[in-house]
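What follows is a set of notes on a single structure, which appears directly below.
Bear in mind the structure is a predicted one, so any value in this text is a computation, not a measurement. By convention in this document, chain letters (A, B, ...) are assigned in the order of the sequence lines, proteins followed by strands, and residues within each chain are numbered from 1.
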Protein chains: 2
Amino acid sequence: MTEKRTVCKNDILKQLYFQENLSCVDLSIIIEKSFPLTQKLIEELVADNLVTETGYAVSSGGRRPLTYAIQRNVMYMVAVAMDQFVTKIAVIDMQNHLVSSVTRIFLSLTETHSALQVLIDNIAGAIDTSGIPKEKFIGIGIGMPGFIDVKKGINYSFLSLPDNESITKHMAFQLGLPVFIDNDSSLIALAELRFGAAKGARNAMVINIGWGVGLGLILNGALYRGHEGFAGEFSHIPLFLNGKLCWCGKAGCLETETSLLLIKERAIEGINSGRVSRLNTLSLENHETAYQELIKAVQEGDQFTIELFSKAGYNIGKGVAVLIHLLNPQKIILSGRGSAAGKIWEAPIQQALNEHCIRRLFQNTNIEISVLGLEAQLIGAAALVMENYNEISFLKEETTGFELSQL
Amino acid sequence: MTEKRTVCKNDILKQLYFQENLSCVDLSIIIEKSFPLTQKLIEELVADNLVTETGYAVSSGGRRPLTYAIQRNVMYMVAVAMDQFVTKIAVIDMQNHLVSSVTRIFLSLTETHSALQVLIDNIAGAIDTSGIPKEKFIGIGIGMPGFIDVKKGINYSFLSLPDNESITKHMAFQLGLPVFIDNDSSLIALAELRFGAAKGARNAMVINIGWGVGLGLILNGALYRGHEGFAGEFSHIPLFLNGKLCWCGKAGCLETETSLLLIKERAIEGINSGRVSRLNTLSLENHETAYQELIKAVQEGDQFTIELFSKAGYNIGKGVAVLIHLLNPQKIILSGRGSAAGKIWEAPIQQALNEHCIRRLFQNTNIEISVLGLEAQLIGAAALVMENYNEISFLKEETTGFELSQL
DNA sequence: AAAACTTTTTTAATTATTTAACAAGTTTGT
DNA sequence: ACAAACTTGTTAAATAATTAAAAAAGTTTT
């Protein structure tokens, strides 16, 4: 018997996770319930010590509103951010803070079989060492590259199980907690929507500049995933007639003309053919050090590196021009590791828009650089769990041991 | 004092317009209210003669459900479908039937000043001659080409008033009824979503093949319009390196390689340079007769014409490949006047997808030809009014004379 | 052809939610 | 400084909506 007021209370908790310090009036508007009802529910939540008053906010022309926040130790979630080589695991509380330091494991996604089990063991380990009782965990959110069917919980590119078995169900069964997966770029977009540069935006495109180029779409205020969950395949739109073969099998994909990987390769080529630069060839060999080196060079104003970033930026801009024509977004947000290069991206992208986009369409579209940066994917993974909190709390009511088969 | 039950009742009426013959259970699910409540409301609607029972539907394994439909003469709306040269006006009832024949007026959109007044006068005329009392009209829906801000009611391309005054407000004031405008392609998509090939789809792209190429986006079950209402600018995405200047000022737009206009021009060129064909050069001079002639030739299997349509189709397909990468739709629907050519479009579009799209992305995407065809825009214009029926009915409650300034 | 199961319809009891009226605290404008 | 306007907070009464249990009307299985 799920009482309606419980559903509302859970909704309030969810809203307070996504936005600290909301007043009772704010909440009543967000959850679309009357003020007296909202107030009564908050009162009960405060009595149960799930929510605390956080003082008075400034007046907006009337009595000063009391604001509330969720207690950070009420619930916890495990956030997992994977890329092809490195996986980061963190335990995150209700105020989006890391409970302890991030666990980093080197895990190659292509080694299908063992990788999944290693991941599961490490998540279990992270829960254990956190010292937090397991009942306080509400779920595990995982972001990884690949074609992911969010609903079925299948990654068609990596970590696939025999017979297309759902990896979320598989993991949930082993770990005893609900598991949610999504594409890395989608989770970065979710993080930007809830806590970053896209906060409150109804329509935003979040470009994930990384070793490849990803895209997370915020449409009508929510993450858009498409029919099967594959939306946002930005890096393989056929935009160039360069004849260059992409690893996807097609030629002329956006990714053949822009990405950190490409910048790295062009940097090595350039130096080998005698270009003057502050870049240190040695450090370019390893992916991780190459990334550090490139960002440093840009920040120090190295002309050659800036040239490379500018060309890549211009090509991203050509892709963005297509996005703007089709989706008329309010904001374009540059996120992912590449966003560390900062303002350097803006001019070449703007230039590409000037050349390839109808003026009326982009004149009110803002290009912004993420401030979440490398943190984005972990925050997004945590947010993914809370996005699904409605169903989670329902299951918790139903059975004490979770109906994991349903997840 | 808007009673909640009245809001629900209006929602029921709205649902019954969009879908005839719903059972009480169906409705209770759609409007997300309990069965007893829904039943009581329907009872009242039947008593007020707004809704009628339409007999029993087939059983799905239990008692046969009573079904209901909205009375066709309860309310009416004016639907207006404009293109650059011709404007069609119709009065439509609650069962989506034309009350009388469609009024056709030749109205050049570029003659800004007089055109708007002519339109207003003709709409007033259509209301008058329908013989239906004005109180029974709930609103006027208008679809037209151009960059349209739906909320503000401004068309930035045509029919603009001084100081960016809202044309919907202007018209509403003069006509005494709420007025809604939207882009022609968006309304075609709306018609397909509600009554056509996209019925019930959550994610569909509706290509409006006409003198240009338009796009209406159905995302998450609703029309997507973007930040300012400009979404779907499909025909000007920079996809070709052909160097051909488009009227928009850019080069290489999709529209420079596909559209009925282009097919017509290529047909004339071809015949002039001696190609054998059933096409009659004379009839190609006028837009309207050219359209008839081209469709006829395709249906009769004229090789040259089919070649032209195939090339155009292939280029649409290149654009569709981009859409599929970005938005992972369930369905692609070919609508607008060009859809009369039928199946001819499917093979070349599929071919383009094979070449330019990642297999996993398009293998579950269906390409379908509209059955609504030329009717789509008018139906969409009517549906636009009903989409906004919630607010309309609210205003009707508030003031007997409509708060027109709000629309 | 009866038993078992489904789905729809009906009714009454219970619970949830809103409305309305009022109180309290701030800002704005005169 | 003071009224007017506005936002927030409190309470009780009125209303709205859901739940639960059972009846009715079919379908499918045995």
Protein-proximity profile, nucleotides 25-30 of chain C, B/S/- by nucleotide at the 4.0 Å heavy-atom cutoff, equals BBS---
Is it true that B:E228 and B:K151 have a side-chain N and a carboxylate O under 4.0 angstrom from each other?
-> no
Hey, can you tell me if A:F137 and A:Y76 have their rings parallel, tilted or perpendicular (30° and 60° cut-offs)?
-> tilted
Do B:T168 side-chain atoms and B:F180 backbone N/O form a donor-acceptor pair below 3.5 Å?
-> no
Could you tell me whether the side chain of A:E387 reaches within less than 4.5 Å of the side chain of A:R194, counting heavy atoms only?
-> yes
In whole angstroms, the gap separating C1' of D:dT18 from CD1 of B:I31 amounts to 13 Å
Starting at CD of B:E32 and ending at P of C:dA16, how long is that distance when rounded to a whole Å?
-> 19 Å
Aromatic ring centroids of A:Y389 and A:F18 under 6.0 Å?
-> no
Separation of C:dT18 C1' from B:R5 CZ (nearest whole Å) | 14 Å
In residues 34-49 of chain B, which ones come under 4.0 Å of DNA chain C, going by heavy atoms?
-> B:F35, B:P36, B:Q39
Residue pair B:Q330, B:T365: steps toward the side-chain contact (heavy atoms from CB on, under 4.5 Å) verdict = CA-CA 5 Å; B:Q330 181 179 7; B:T365 305; over 6 Å; no
Write down the distance between CD (A:E53) and P (D:dT8), rounded to a whole number of angstrom.
-> 16 Å
Please give, in whole Å, the distance from D:dT7 P to A:L66 CG?
-> 18 Å
Let me know the distance between CD1 of A:I29 and P of C:dT18, rounded to the nearest Å.
-> 13 Å
Expected output: side-chain A:T67 to main-chain A:L22 donor-acceptor under 3.5 Å | no
Can we say A:K33 and A:D11 salt-bridge, meaning some charged N sits less than 4.0 Å from an Asp/Glu carboxylate O?
-> no
